[in-house]
Amino acid sequence: MPTRQATVTVALIADDSGGIDTSFSALAGQVYEPTNIVIVGGSDTPASSKTVTRVSSFSELMESLDPSVQYLWILREGAAPAPDALMALISDADRMGAGIIGSKVIGEHGDVLKSIGLVTDVFDVPYTGLDRSERDQGQYDVVREVAAVSGVSMLVRRDLLYGIGGIDETMTPLAAAIDLGQRARLKGAVVAITPASEVVLDDEITDRPRWRGEASRIRSMIKAYSLLTLAWVLLVDFFVGFVEMILSIFLGRWLVFDWVLSWGWNVVHLPGTIAARGRARKGDVATDSELFRFQRRGSVKMSRLVAEMMAALRRRLPGDDRLSLETIGSDVRQPAFVVGVLAVLFVLLSARNIWSDGFPAIGYTLPFPTDGWDALAAYAGGWNPAGLGSPEPLRPLLAVAGIAKIATLHAASLSEYL
């Protein structure tokens with residue numbers, strides 16, 4: 001039981017997905033009754049409540065909160081907390097001194113785990129550590145600190161929420177929850193998860209559209225990390241995204257627009273991000289090392305991509321779908337495999353001069369453009385017989401060369417290798 005009687009306001013984040021009645025019914029059965037319920041956003045009205053308080057944004061809710069409110073329980077529409085969910089949140093928050101504490105999220109049938117707290121990599125990509133269909137058998141039932149919570153159900157101290165500037169409403173929900181946890185940690189707050197508080201949610205915990213989630217993730221890095229960390233994190237993340245974009249083509253996904261839009265959005269919103277960064281870093285009592293403490297090594301994106309590519313490769317193997325010495329040996333003896341290897345070796349041998357001397361600039365070829373943006377601008381200008389002295393329109397390869405030049409930061413040889 002909680003050590004004290006705390007006043008709690010429920011902020012039900014609505015998105016008109018049709019789950020508002022489910023959430024209201026679950027809230028009505030709470031053992032520890034909240035002081036009041038406020039719907040943030042949306043337009044649906046729950047059938048069980050004729051008079052309901054509604055605000056258009058989270059910032060409006062923060063301005064209208066009564067000073068006596070000690071906790072804000074942020075709950076996503078469609079989430080159905082167990083009757084003792086709020087009581088467990090408050091009890092463990094008091095016991096741990098947590099500024100943010102989240103619930104365990106399980107599937108509709110009450111047996112499939114969806115979230116038991118999050119860790120991230122250094123690029124703020126969330127990682128649950130759960131298999132897609134992992135069942136809840138109490139294997140993670142321990143109260144512990146985490147990097148962030150999913151945002152489906154989290155209890156936040158009102159004074160902490162005011163102190164760190166509230167929730168970033170320009171972000172998608174999952175990225176905003178991770179951003180909130182990072183800013184809280186920089187101020188010395190504890191972010192934890194309590195499995196005693198269970199919430200049922202049928203929907204997937206993900207950000208849509210994908211490019212907005214990526215854009216929000218990049219914004220959260222800019223806001224939280226020091227300049228020294230940002231100097232290499234943003235550069236590496238740019239190239240990781242570029243590699244993911246290229247390799248995903250072989251998996252049947254086209255991520256070019258997601259990659260361009262996510263970085264373009266951050267360029268447009270950079271002044272606002274810098275201002276938000278100043279507020280997030282002002283008066284911080286922790287450094288980046290506190291954030292790194294709850295991060296896994298490597299890139300979550302690349303790990304997932306490699307796993308997907310290996311799975312796709314196994315599906316293409318004849319016979320048994322597992323990689324083994326027997327299946328590999330039989331594949332190597334196939335005529336198509338032998339011819340393919342010989343063809344690749346022949347191409348590499350024929351083009352050996354390119355790796356050392358670069359592309360030739362004679363005959364019907366031209367050297368790579370010195371500026372990628374100029375090449376893209378020339379291609380975007382369309383057909384021009386005076387451009388290169390030819391009546392033919394510019395080839396798409398000119399645009400590809402420009403993109404390669406930009407992606408490699410106008411490197412002389414690296415763009416040609418790419």
Side-chain angles (χ1 to χ4, degrees), residues 13 40-41 55-63 74 120-126 148 151 156 160-187 189 207-242 245 255-288 290-291 301 371-374 376-377 380 402-403 405-407 409-410:
I13 309 299
V40 182
V55 294
S56 60
S57 64
F58 200 87
S59 56
E60 183 180 344
L61 169 63
M62 294 291 293
E63 293 174 359
I74 302 173
T120 67
D121 60 13
V122 73
F123 309 110
D124 281 352
V125 179
V156 187
L160 173 65
L161 202 56
Y162 271 107
I164 62 179
I167 291 178
D168 193 333
E169 297 181 84
T170 64
M171 293 184 174
T172 47
L174 182 56
I178 294 173
D179 170 68
L180 186 70
Q182 286 189 324
R183 286 185 286 132
R185 282 207 174 277
L186 290 176
K187 295 297 186 290
D207 283 338
R208 289 290 183 268
R210 184 183 182 280
W211 74 267
R212 280 300 307 274
E214 286 291 289
S216 301
R217 180 185 59 79
I218 296 169
R219 177 181 169 94
S220 68
M221 289 192 296
I222 299 175
K223 289 171 59 178
Y225 288 142
S226 66
L227 293 177
L228 182 61
T229 303
L230 280 178
W232 66 269
V233 166
L234 290 180
L235 181 62
V236 174
D237 186 58
F238 182 86
F239 283 108
V240 167
F242 183 80
M245 175 186 69
L255 304 181
V256 175
F257 296 114
D258 286 347
W259 185 68
V260 172
L261 287 173
S262 62
W263 284 97
W265 184 92
N266 275 281
V267 171
V268 173
H269 290 81
L270 187 58
T273 304
I274 293 175
R277 170 186 168 79
R279 293 190 294 269
R281 300 286 304 189
K282 183 179 180 181
D284 53 350
V285 298
T287 61
D288 292 351
E290 176 66 14
L291 304 180
K301 275 187 181 181
D371 189 281
W373 294 111
D374 290 345
L376 284 178
I403 293 175
K405 203 72 176 181
I406 295 170
L409 302 180
H410 304 287

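We count residues from 1, following the sequence as given. The analysis underlying the following values was restricted to heavy atoms, covering all of them including side chains, and did not include hydrogens, waters or symmetry mates.
The aromatic rings of F238 and W259 sit tilted relative to each other, their planes meeting at an angle between 30° and 60°.
Between the side chains of T273 and R219, at least one donor-acceptor pair of N or O atoms lies under 3.5 Å.
In this structure, the side chains of V260 and W265 stay at 4.5 Å or more apart for every pair of heavy atoms. Annotation: side chain of D207 is not in contact with side chain of S216 (no heavy-atom distance under 4.5 Å). When side chains are defined from C-beta on, T287 does not count as touching S226, because their heavy atoms never get closer than 4.5 Å. The shortest side-chain heavy-atom distance between L409 and L235 falls under the 4.5 Å cut-off. Counting heavy atoms from C-beta on, the side chains of E214 and D258 never come closer than 4.5 Å. Residues L227 and R277 meet the side-chain proximity criterion, which asks for heavy atoms closer than 4.5 Å. With a 4.5 Å cut-off on side-chain heavy atoms, R217 and D237 count as touching. Contact annotation: the side chain of R210 approaches that of L255 to within less than 4.5 Å [non-hydrogen atoms, C-beta and beyond].
Atoms CD1 and NE2, from I274 and H269 in turn, are 13.0 Å apart once rounded to the nearest 0.5 Å. The CG atom of L180 sits 6.0 Å away from atom CG of L161, with the distance rounded to the nearest 0.5 Å. L234 CG to I218 CD1: the interatomic distance, rounded to the nearest 0.5 Å, is 8.0 Å. Note that the CD atom of E290 and the CG atom of D284 stand 11.5 Å from one another [nearest 0.5 Å].
Across every non-hydrogen atom of E169 and F58, the tightest pair is OE1-N, 2.8 Å. Closest non-hydrogen pair, A148 versus I178, comes out as CB-CA, 3.7 Å. Nearest heavy-atom pair, D371 versus K405, reported as atom, atom and distance to 0.1 Å: C-CG, 4.5 Å. Taking each heavy atom of L160 and A189 in turn, the nearest pair found is CD2-CB, 3.9 Å. The heavy-atom pair separating A224 from L186 by the smallest distance is O-CD1, 3.6 Å. Of all heavy-atom pairs spanning A175 and G213, the tightest one is CB-O, 4.5 Å.
Residues Y225 and W232 keep their aromatic ring centres 6.0 Å or farther apart.
In terms of modelled atom types and a separation under 3.5 Å, the side chain of R183 and the main chain of A280 share no donor-acceptor contact. Checking side-chain atoms of N266 against main-chain N and O of A215 turns up a donor-acceptor pair under 3.5 Å. Between the side chain of K223 and the backbone N or O of A275 there is no donor-acceptor pair closer than 3.5 Å. Judged by distance alone, with hydrogens and angles left aside, the side-chain atoms of R212 form no donor-acceptor pair with the main-chain N or O of T172 at under 3.5 Å. A donor-acceptor pair under 3.5 Å links the side-chain atoms of E60 to the main chain of S56, judged by distance alone.
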Next item on the list: Carefully, step by step, assess V122 and L291 under the rule side-chain contact (heavy atoms from CB on, under 4.5 Å).
Entry: CA-CA 9 Å; V122 73; L291 304 180; over 6 Å; no
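The side-chain contact (heavy atoms from CB on, under 4.5 Å) with S220 is formed by just one residue from the set T120, D168, D124; it is D124. Just one residue in the list V156, L61, V40 forms a side-chain contact (heavy atoms from CB on, under 4.5 Å) with I74, and that residue is V156.
Heavy-atom contacts from other residues, nucleotides or ligands closer than 6.0 Å to CZ of F257 number 12 or fewer.
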